[in-house]
2 protein chains.
Amino acid sequence: MPTRRTLKEVAAELGVSTATISNAFNRPDQLSAKLREQILKQCQQLGYHGPNLAARSLRRGESDVIAVVLADSLSYNFSDPVANQFLQGVADVLVKHEKQLLLLTSLGESQHQSSAESLPDGIIFYGAPAGQSFERILRTGKPALAVDFEQDQVGSVNIDNFDAAKMAAEHLFSQSVKALAIMGLRLKDSEQVENFEQDSLPLKSGEISCRRLAGYLQAAKECDYNIPHQRIWHIPFNKPELAEQAVKQALTADPRPDGLLCMSDVIALAAIRVARQQGLRVPEDIKIVGFDDIPEASRSNPALTSVCQQSRQKGQLAATRLLNKELEGETLMPTKLVIRESSRG
Amino acid sequence: MPTRRTLKEVAAELGVSTATISNAFNRPDQLSAKLREQILKQCQQLGYHGPNLAARSLRRGESDVIAVVLADSLSYNFSDPVANQFLQGVADVLVKHEKQLLLLTSLGESQHQSSAESLPDGIIFYGAPAGQSFERILRTGKPALAVDFEQDQVGSVNIDNFDAAKMAAEHLFSQSVKALAIMGLRLKDSEQVENFEQDSLPLKSGEISCRRLAGYLQAAKECDYNIPHQRIWHIPFNKPELAEQAVKQALTADPRPDGLLCMSDVIALAAIRVARQQGLRVPEDIKIVGFDDIPEASRSNPALTSVCQQSRQKGQLAATRLLNKELEGETLMPTKLVIRESSRG
DNA sequence: TTGAAAGCGCTACCAA
DNA sequence: TTGGTAGCGCTTTCAA
């Protein structure tokens, strides 16, 4: 039966040395074009399709594999539109460079986890990793880049979440919103939708949410507007169902919010749906601003005003920097407010 | 500087044999719990975080990596909601079994490609692969499974696309639709949105579209309804922009369609948007049926009637079968028509 | 319970 | 231009 062939076997069958075959695959300049051609064809026929990755990688010390370490579960990332755009960007670049993509998560610290980390030639951390993953990998000295979180041991690609959020809030204030609510993402550790009730900025928050909240609050402050904690909501995951639940709660507040600052478009789109279900007109009765500018934001009805953060380009940039070994320093990508007020109904 | 440690180094430093360390990581029963505990801790301190994957995998002949080979580009798959749900399902299962996920594409037949194929312990083909990928991997005898395409050399997970499409079409006919159009996905090789103008069923089509088209046409036939080729559209990729473009063209036909059979929800949702932009009421003026039942289908306004194909479960099942080595036979997953007529505006 | 050693498949050095 | 060969880091058999 056709089983896995080895270079050695094939070399024996063809009556040449293993080195020659290896060269045929890896170093065209080391042998005549004619011989190479002939060898490749014969390998094909013998069912040898190129070197075994494990062996090759063990020997060479590199694998042509790049890993993205996701802060959340794999499944969650496949369901999140922002993560998907980011991964699209990463994939755009990896494919061009003939690198393979290994998807890892920093959750569930098993030994398999850390073994897997030894394979890739470079690593992109997407979101602040749980557990020891980050420290472990840094200590190996592998090329690594941080995306969407701040820390100083390694280069990073990020946006200015504070400024971007401030910009979103200012937009709302400029439209004379009276009763604001903030639909926050991951403001604390709880897995429940609930009010944000701490007195200070949260400790256990993902960097991103922290910065965005601070941006919102700063804008409010500059307008002498106070946002009490009862009008700030914590949504544990960026999922439509949770967002709808939170928005429903938020809309029962008195006075009912006429402006909603949403930390993601998934939340903002949920807000639009809930508002309309309740007979509210958007934006006449309630103004909603999102964050991310995911593709669905422009397709929604009414279309969503949101902070565009170019997630795909972020992925492209991160992958490019990693492959080019531009590992130092923080790149802050620009954001802009995309204002879409017109209804298309 | 902290560089990559090897088991051998660590063994020397700790004054034990390499086998003992290896056992500490891989076979707890081969040494005393106390010694193991101690060794693991010391390794930790010395910066040895477990065996190198390449070496381990070379030696053991398995890697604990599972690959999904995507028929289209990586980027495209990250953008496609159906693919994302499928990958979620795969990830659900892999994580539980502590397997890692390598994402490969059958496009771009480079040598790196086939090298990468040598690493995984098992492979899921998602959609009929381009190039030689499929044959190559089958010849290695690795566990493999086909998803969403038909072929007889390997087990598969699929749905009955013919039946499902027929069901969708019958639903439309039961509502006395008079002027039907079919918004087809990948009915031919062209990368343009255009009419499907061949006389016979297409040759170069992905299996899926073929079967769905046949299902639509069968339902039509049973109603003595003829669908001319000018009312069948080919959309080359499952993207909202292309779908909108196709729908705009379709709606200029005379008589204007009052029923649209869409081969995906992405297309159907685009159809709803375009129809409403043109002042048509859905479903009063035009009835639209999708395919897939992606999450967005239930959130849209009006909500979309669609064929549910449980993509996530499909991924779970495929991964489970692969890991359990249930590699024979075709699993046909059930589909059902999800009827959502009420508008929530 | 621990240690010594072979060898997984390959690449790259060096010699011919 | 080609061939011989050491050794990448690990696991596992066998012997102690």
Side-chain angles (χ1 to χ4, degrees), chain A residues 3-40 42-43 46-65 111-112 114-119 121 140, chain B residues 3-39 42-43 46-65 111-112 114-119 121 140 142:
Chain A
T3 167
R4 168 152 294 292
R5 314 294 319 243
T6 72
L7 188 154
K8 203 165 147 193
E9 276 174 33
V10 173
E13 291 176 44
L14 296 186
V16 298
S17 88
T18 60
T20 302
I21 311 246
S22 176
N23 284 333
F25 279 97
N26 302 310
R27 329 189 123 189
D29 52 312
Q30 295 295 298
L31 71 178
S32 65
K34 204 179 58 187
L35 180 59
R36 179 175 131 94
E37 206 50 43
Q38 182 189 333
I39 286 188
L40 289 182
Q42 292 178 308
C43 283
L46 292 176
Y48 179 79
H49 301 293
N52 173 293
L53 180 60
R56 164 176 235 257
S57 150
L58 176 58
R59 177 61 234 242
R60 295 180 52 219
E62 47 182 88
S63 59
D64 294 329
V65 171
Q111 184 219 315
H112 297 271
S114 44
S115 259
E117 289 165 359
S118 68
L119 184 70
D121 299 335
T140 67
Chain B
T3 167
R4 168 153 294 293
R5 313 296 317 245
T6 71
L7 187 154
K8 202 165 148 192
E9 276 173 32
V10 173
E13 290 176 44
L14 296 186
V16 298
S17 88
T18 60
T20 303
I21 311 244
S22 175
N23 285 333
F25 279 97
N26 302 311
R27 331 187 122 190
D29 53 311
Q30 296 294 300
L31 71 177
S32 68
K34 203 180 60 187
L35 179 61
R36 179 176 131 93
E37 207 48 44
Q38 182 190 333
I39 287 187
Q42 291 177 310
C43 284
L46 292 176
Y48 180 78
H49 301 293
N52 174 292
L53 180 60
R56 164 177 238 256
S57 150
L58 177 57
R59 176 61 232 242
R60 295 180 53 220
E62 47 181 86
S63 59
D64 294 329
V65 170
Q111 185 218 314
H112 297 270
S114 45
S115 259
E117 290 165 358
S118 68
L119 184 70
D121 299 334
T140 67
K142 280 201 194 196

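Within every chain, numbering begins at 1; the chains are lettered A, B, ... in the order of the sequence lines, protein sequences first and strands thereafter.
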Q: Measure from CG on Leu119(B) to C1' on dC8(C) and round the result to the nearest Å.
A: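 That distance rounds to 14 Å.
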Q: After noting the C-alpha distance and the side-chain angles of Leu46(B) and Glu9(B), does the key distance pass the side chain to side chain contact (heavy atoms under 4.5 Å, CB included) rule?
A: CA-CA 10 Å; Leu46(B) 292 176; Glu9(B) 276 173 32; over 6 Å; no
Q: Taking the side chain from Ser118(A) and the backbone from Leu53(B), do they hold a donor-acceptor pair closer than 3.5 Å?
A: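 The answer is yes, because a donor-acceptor pair under 3.5 Å joins these two groups.
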Q: Starting at atom CG of Leu31(A), determine the distance to atom P of dA12(C), rounded to an integer number of angstrom.
A: 14 Å
Q: Would you kindly give the CG-to-C1' distance between Leu35(B) and dG3(C), to the nearest whole Å?
A: 13 Å
Q: Run the side chain to side chain contact (heavy atoms under 4.5 Å, CB included) test on Thr140(B) and Glu117(B) for me, step by step, so that the C-alpha distance in whole Å, both residues' side-chain angles and the decisive distance to 0.1 Å come before the verdict.
A: CA-CA 10 Å; Thr140(B) 67; Glu117(B) 290 165 358; over 6 Å; no
Q: Quick one: are Phe25(A) and Cys43(A) in side-chain contact, heavy atoms under 4.5 Å?
A: yes
Q: For Gln38(B) and dT1(C), what is the distance between atoms CD and P respectively, to the nearest whole Å?
A: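 To the nearest whole Å, that distance equals 14 Å.
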Q: Generate the contact string for nucleotides 8-16 of chain D. Rules: B means base contact, S means sugar-phosphate contact only, - means no protein heavy atom under 4.0 Å.
A: BBBBB----
Q: With heavy-atom distances below 4.5 Å as the criterion, would you say the side chains of Thr20(B) and Leu35(B) are in contact?
A: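 Side-chain contact under 4.5 Å: yes.
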Q: In the structure I gave you, are the side-chain heavy atoms of Thr6(A) and Asn52(A) within less than 4.5 Å of one another anywhere?
A: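 No; the side chains remain at least 4.5 Å from each other.
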Q: Starting at atom NE2 of His49(A), determine the distance to atom C1' of dG9(C), rounded to an integer number of angstrom.
A: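 One finds 16 Å between C1' of dG9(C) and NE2 of His49(A), rounded.
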